[in-house]
Amino acid sequence: MALLIICNDRDLSPWTSALRNIDPKIELRVYPEEGNLEEIEFVLCWKHPRGILKHYPNLKAISSLGAGVDHLLSDPDLPLNIPIVRIVDPELAHAMSEFVIGLIFNHLRAFTQYHENQKQKIWDVNNFQIAPNVHVGIMGMGVLGQDLAIKLAAIGFKVVGWAQSPKEIKNVKVYTGSDEFDEFLSETNILVCLLPLTEKTKNILNKETFSKIQDQAYIINVARGNHLVDEDLIEMIDGNRLSGASLDVFRIEPLPENHPFWAHSKINITPHIASLTNPISVAPQIIENYKRAMAGQPLLNLVSTKLGY
Ligand code: GLV
């Protein structure tokens, strides 16, 4: 029995020590040091090399190393009979909400602009809006979307959400499904995308969507780069329909040097850091799922491969 971590984009020592700390007896391996493939019964993955997950004949469960599972479901060779779980973690939600709230206030109070002005010793006063006069529309009312909605409503923002299925959240009106999408958009001054990436949601941040929100609306994408049609965003900002955007995720990451987003004065870029999984916080749920998988028990945070989240 072994748990294999497959992830090539970061130092994995905090992960191995957090997992070993919870259960020192677990046989932990890190790809590409797989050892005997027949012994791999649980994998913890982030952007694995396509096709490799079918190479483990005794695999019992696949866990995403983050909240998203699009990196798994987009593998055409994914073994579909193996259950997939994802990370659901209050720390991850907290970090995401703090980040988005920071971006919203940076937009409303123009901190970046003042910082630029300071460099040139410019004393220039901007008008601003306060929270009760701003409608924030959140696309995606899963664990992250709901946490953000509750925190924004507590600050005093008018908050609306858009979800696949009905949700009851105090002080937040949640619109449902494609029938209510336009009504959701029509109220929105700041649009935040926190959707899972699925066949239905890819390219959803497009010209048509942008044309239905309030004039001079601001876009925040902290979900996936493939939700956004890049050229449509630039066209709508340059055409003065949108006031700008903050983007943390991109179709290609790192964002290529020649991408027009880099030099756009109304687009704020961060390198996919809105919320990062803290190994210490999530190690207990990974080990719990590992033990459940070994015992043939129901897994926590199971993903529906049909829904894509
Ligand atoms: C990060 O993007 C995640 O899916 O956890």
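Both counts, for ligands and for their atoms, begin at 1 and track the order of listing.
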Going by the rule ring pair (Phe, Tyr, Trp, His ring centres under 6.0 Å), which residues pair with His227 if we only count those two or more places apart in sequence or in a different chain?
none

Atom 5 (O) of ligand 1: nearest protein contact (heavy atom, Å):
Ala67 N, 2.7 Å

Going by the order shown, which atoms of ligand 1 are within less than 4.0 Å of some heavy atom of Arg224?
1 (C), 2 (O), 3 (C), 4 (O)

May I ask whether His272 places a heavy atom under 4.0 Å from ligand 1?
yes

State whether a side-chain donor-acceptor pair under 3.5 Å links Asn268 with His107.
no

Any donor-acceptor N or O pair under 3.5 Å, side chains Gln285, Asn301:
yes

Could you list the atoms of ligand 1 found under 4.0 angstrom from a heavy atom of Gly68?
3 (C), 4 (O), 5 (O)

Closest non-hydrogen atom pair between Phe128 and Ile130, with its separation:
CE1-CG2, 4.0 Å

N/O to N/O below 3.5 Å, does that happen between Leu92 and ligand 1?
no

Contact check, Arg86 vs ligand 1, heavy-atom distance below 4.0 Å
no

Check whether Arg224 reaches the backbone of Lys202 with its side chain - one donor and one acceptor, N or O, closer than 3.5 Å.
no

Ligand 1 atoms nearer than 4.0 angstrom to some heavy atom of Gly66 are 5 (O)

Please tell me if the side chains of Ser63 and Asn289 come closer than 4.5 Å, counting only heavy atoms from C-beta onward.
no

